[in-house]
Amino acid sequence: MKSPSNCAGTGTVDYGDADPFQWDTREDCQVRQILDRVADKWSLLVIALLENRRLRFTELRREIDGISQRMLTVTLRSLERDGLVKRTVHPVVPPRVEYELTPLGGTLHATIRSLVTWTEAHQEEIAAARSAYDTREAEASAEASALR
């Protein structure tokens, strides 16, 4: 019996010599669930901000433009549940709560840094591709309107 984290081959399809870096796309696959969690925009921003420092909830919210209080709470709870963020409550009045990356979260931060580096290196190419796509779409839309 395979572990629940190994979803490949759990269905009726024979994957044979499947690529070990290909994950199962089924919703109940743990690999997919973990990727969904750590790759969402809010989680990425929280993990990036917590590199080598502790921040309070209000500091995180102030730093992350556009995040709601509820979404930050949900994100932090999920990251804490996954063992990526540690929450520390200091017994003072009013209570002070701080968040920091766990050692596991720190290993993920290095991967995120690589993704950001790639994005920065290719942002001009992506902007050019977007512009070309938008131009093609506008031309196709204009042609379709002219034919009506």
Side-chain angles (χ1 to χ4, degrees), residues 1-138 140-141:
M1 182 174 179
K2 295 186 180 206
S3 71
S5 63
N6 183 356
C7 300
T10 56
T12 58
V13 177
D14 179 14
Y15 291 96
D17 295 323
D19 180 354
F21 296 105
Q22 180 64 43
W23 54 85
D24 194 311
T25 56
R26 287 174 295 187
E27 191 173 340
D28 63 343
C29 179
Q30 277 193 3
V31 172
R32 177 177 167 190
Q33 291 171 3
I34 293 167
L35 286 170
D36 287 347
R37 160 59 33 225
V38 300
D40 76 70
K41 69 179 179 177
W42 301 126
S43 294
L44 289 172
L45 290 170
V46 167
I47 292 166
L49 284 169
L50 291 177
E51 180 189 23
N52 299 322
R53 62 182 177 162
R54 292 181 185 139
L55 291 174
R56 295 177 69 176
F57 183 92
T58 54
E59 293 171 318
L60 281 165
R61 185 154 182 232
R62 190 175 24 247
E63 291 286 328
I64 303 173
D65 190 36
I67 194 167
S68 69
Q69 181 171 335
R70 182 186 183 296
M71 193 68 237
L72 181 56
T73 299
V74 168
T75 300
L76 287 167
R77 284 183 183 157
S78 295
L79 291 172
E80 182 180 10
R81 180 174 183 250
D82 289 343
L84 302 172
V85 168
K86 178 183 173 190
R87 178 180 186 260
T88 304
V89 180
H90 298 278
V92 295
V93 177
R96 191 179 82 217
V97 180
E98 294 178 324
Y99 297 90
E100 64 185 306
L101 291 181
T102 63
L104 179 61
T107 63
L108 180 58
H109 187 274
T111 301
I112 292 170
R113 187 179 310 126
S114 296
L115 180 61
V116 170
T117 300
W118 179 89
T119 304
E120 289 172 343
H122 296 284
Q123 64 185 338
E124 290 177 14
E125 293 170 76
I126 293 168
R130 287 177 176 174
S131 179
Y133 177 88
D134 292 346
T135 300
R136 287 191 312 271
E137 288 296 304
S141 179

Looking at Gln69 and Phe57, what are the two nearest heavy atoms and their distance? O-CZ, 3.6 Å
Contact check, side chains of Asp82 and Ile34, non-hydrogen atoms, under 4.5 Å: no
Distance check, rounded to the nearest 0.5 Å: Arg77 atom CZ versus Glu80 atom CD? 9.0 Å
Say you draw a straight line from OH of Tyr99 to OG1 of Thr75; how long is it, rounded to the nearest 0.5 Å? 11.0 Å
Can you sort out the partners of Asp36 under side-chain contact (heavy atoms from CB on, under 4.5 Å), two or more places apart, ordered by chain and number? Arg32
Please list every donor-acceptor pair under 3.5 Å in which a side-chain atom of residues 103-112 meets a protein atom from a residue at least two apart or in another chain.
unit_1 : atom_1 : unit_2 : atom_2 : d
Thr107 : OG1    : Leu104 : O      : 2.5
His109 : ND1    : Arg113 : NH2    : 3.2

Contacts of Ser43 meeting side-chain hydrogen bond (donor to acceptor under 3.5 Å, both in side chains) (sequence neighbours excluded), chain-then-number -> Arg37, Asp40
If you define the side chain from C-beta out and look only at heavy atoms, does anything of Leu76 sit under 4.5 Å from Leu60? yes
Pair listing, salt bridge (Lys or Arg N to Asp or Glu O under 4.0 Å) test, anchored in residues 83-103, at least two apart: Arg54-Glu100, Arg96-Glu98
Taking side chain to side chain donor-acceptor pair (under 3.5 Å) as the cut-off, I'd like each qualifying pair that reaches into residues 55-67, sequence neighbours left out, listed once. none
Only pairs under 3.5 Å count here: list side-chain donor-acceptor contacts from residues 125-138, not counting sequence neighbours, and write none if there are none.
unit_1 : atom_1 : unit_2 : atom_2 : d
Glu125 : OE2    : His122 : ND1    : 2.8
Thr135 : OG1    : Ser131 : O      : 2.9

Pair Val85, Leu101 - check side-chain contact (heavy atoms from CB on, under 4.5 Å), show working. CA-CA 4 Å; Val85 168; Leu101 291 181; 4.3 Å; yes
